[in-house]
Amino acid sequence: MYKILIVEDDLEMQKLLVDYLRQSGMEVVATDSPNTALEWIKSKGGFHLAVLDIMLPEMNGLELCQKMRKISDIPIIMSSARADISSKILGFERGADDYLAKSYEPIELVARINALLKRCSQNKSIKYGDLEIDVNRRKVNVEGYNVELTPAEFEILNLLIAHRGKPYSRESLIQAISSIAPDSSLRSIDTHIRNLRVKLGDDAKTPKYIQSIWGIGYKFCD
């Protein structure tokens, strides 16, 4: 059974969605508070997908989406009365996977949830020698042993291996990794890379996985 989080401050709309999704066989948890939603994501977990309204108290849905992306990779559907293309693009840039303009029928939301979760459930793994990455579950194994990575470490590794052989500067990594604050220092990337190498059993001098490119940054070994 899918567990869905709904963040909607229109209580009438919230009840309509909750009732319809439950009738469709889904477990639903709802709130009108973005801060409560963030706390649930951190403490409870187990959500398969979130539906976020944009016009919310405390913070708007775009800001909430961005903060959620730093602690979770669950699919996110933005729901808003703003149907213009610029609002949709902004939603995707903040980390949304889909955008549904109001007003819509609950049956359309159910269809989008099912389609999105079906795509996300498809197994996606990357193998390189003794290293294996389960992208959907955010799991990393080296020589058959699970390696616990921070969100930033996982995203750096996933980006580098997905673009094997392509050098990335420290600046571009800061911009590309959602778990790293945009105003972070360049040296913070070096720290993440150093910690990542230790966890993977990699040697900076004779690297198997992550290679330093002098004057540029880092790349995954060819």
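All values reported here derive from a predicted model rather than from experimental measurement.
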### Message
Let me check something: do Tyr218 and Tyr128 share a hydrophobic cluster, defined by ILVMFWY side-chain heavy atoms less than 4.5 Å apart, either directly or through other members?
### Response
yes
### Task
Without swapping roles, check the side chain of Thr31 against the backbone of Ser33 for a donor-acceptor pair under 3.5 Å.
yes
### Task
Determine yes or no for a side-chain-to-main-chain donor-acceptor pair under 3.5 angstrom, with Lys199 supplying the side chain and Glu148 the backbone.
yes
### Query
Quick one: salt bridge (charged side-chain N to carboxylate O under 4.0 Å, His left out) partners of Glu58, sequence neighbours excluded?
none
### Task
To the nearest 0.5 angstrom, please state how far the OG1 atom of Thr191 sits from the CD1 atom of Ile189.
9.0 Å
### Task
Go through Tyr209 and Val142 one step at a time and tell me if the side-chain contact (heavy atoms from CB on, under 4.5 Å) criterion holds.
CA-CA 11 Å; Tyr209 306 126; Val142 177; 4.1 Å; yes
### Task
Report the distance from atom CG of Leu109 to atom CD1 of Ile6, rounding to the nearest 0.5 Å.
6.5 Å
### Task
Please report the closest heavy-atom contact between Cys221 and Arg164, naming both atoms and the distance.
O-CG, 3.1 Å
## Note on the structure
The residue among Val147, Val140, Ile126 that forms side chain to side chain contact (heavy atoms under 4.5 Å, CB included) with Leu131 is Val140
#### Entry: Shortest non-hydrogen separation from Pro167 to Ile216 and the atoms involved
CB-CG2, 4.0 Å
### Task
Say whether, by atom type as modelled, one donor and one acceptor occur between the side chain of Ser172 and the main chain of Ser169 under 3.5 angstrom.
yes
### Query
When you measure from the side chain of Arg22 to the backbone N and O of Leu17, does any donor-acceptor pair fall under 3.5 Å?
no
### Message
Restricting to ring pair (Phe, Tyr, Trp, His ring centres under 6.0 Å), what partner residues turn up for Tyr104, sequence neighbours left out?
### Response
none
### Query
Can you name the nearest heavy-atom pair linking Met68 to Ile76, along with the distance?
CE-CD1, 4.0 Å
### Query
Are Ile89 and Ile54 grouped together when hydrophobic residues (ILVMFWY) are joined by side-chain heavy atoms under 4.5 angstrom apart?
no
### Flag if over 12 foreign heavy atoms under 6.0 Å of CD, Glu108
yes
#### Entry: Exercise: identify the closest heavy-atom pair between Pro182 and Ile174
O-CG2, 3.7 Å
### Query
What is the distance from atom CD of Gln211 to atom CG of Leu160, rounded to the nearest 0.5 Å?
11.5 Å
### Message
So that I can tick it off, tell me whether Asp97 and Arg69 are bridged by a salt bridge, with the cut-off set at under 4.0 angstrom between side-chain N and carboxylate O.
### Response
yes
### Message
Whether the Ser86 and Asp84 side chains hold a donor-acceptor pair (N or O, under 3.5 Å, no angle test) is what I'd like checked.
### Response
yes
### Query
To the nearest 0.5 Å, what is the distance between CG (Leu62) and CZ (Arg94)?
5.5 Å
### Query
Is Leu200 reachable from Ile213 through a run of I, L, V, M, F, W or Y residues, each pair having side-chain heavy atoms under 4.5 Å apart?
no
### Query
Hey, does the side chain of His48 reach the backbone of Ile4 with a donor-acceptor pair shorter than 3.5 angstrom?
no
#### Entry: Verdict with reasoning, Arg82 to Tyr99, per side-chain contact (heavy atoms from CB on, under 4.5 Å)
CA-CA 10 Å; Arg82 298 176 180 175; Tyr99 192 105; 3.8 Å; yes
### Query
Out of curiosity, Glu105 CD to Leu16 CG, how far, rounded to the nearest 0.5 Å?
8.5 Å
### Query
If only atom types and distance count, is the side chain of Asn141 paired as donor or acceptor with the main-chain N or O of Gly144 below 3.5 Å?
no
### Query
Within the distance-only criterion (no hydrogens, no angle test), does the side chain of Asp202 pair as donor or acceptor with the backbone N or O of Lys208 below 3.5 angstrom?
yes
### Query
Can you name the closest pair of heavy atoms from Ala152 and Ile180 and give their distance?
CB-CG1, 3.9 Å
### ILVMFWY cluster, Leu186 and Ile193 together (side-chain gap under 4.5 Å)
yes
### Query
Would you say the side-chain atoms of Arg170 pair up with the backbone N or O of Asp190, donor to acceptor, closer than 3.5 Å?
no
### Query
If Ile, Leu, Val, Met, Phe, Trp and Tyr residues are connected whenever their side-chain heavy atoms lie under 4.5 Å apart, and connections chain through other members, are Ile107 and Met26 in the same group?
yes
### Task
Grab the two heavy atoms, one from Leu5 and one from Ala37, that are nearest each other, plus how far apart they are.
CD2-CB, 4.2 Å
### Task
Show your working on side-chain contact (heavy atoms from CB on, under 4.5 Å) between Leu21 and Val110 and close with a plain yes or no.
CA-CA 7 Å; Leu21 266 59; Val110 170; 3.9 Å; yes
### Query
Salt bridge check: are Lys15 and Glu8 linked by an N-O gap of less than 4.0 Å?
no
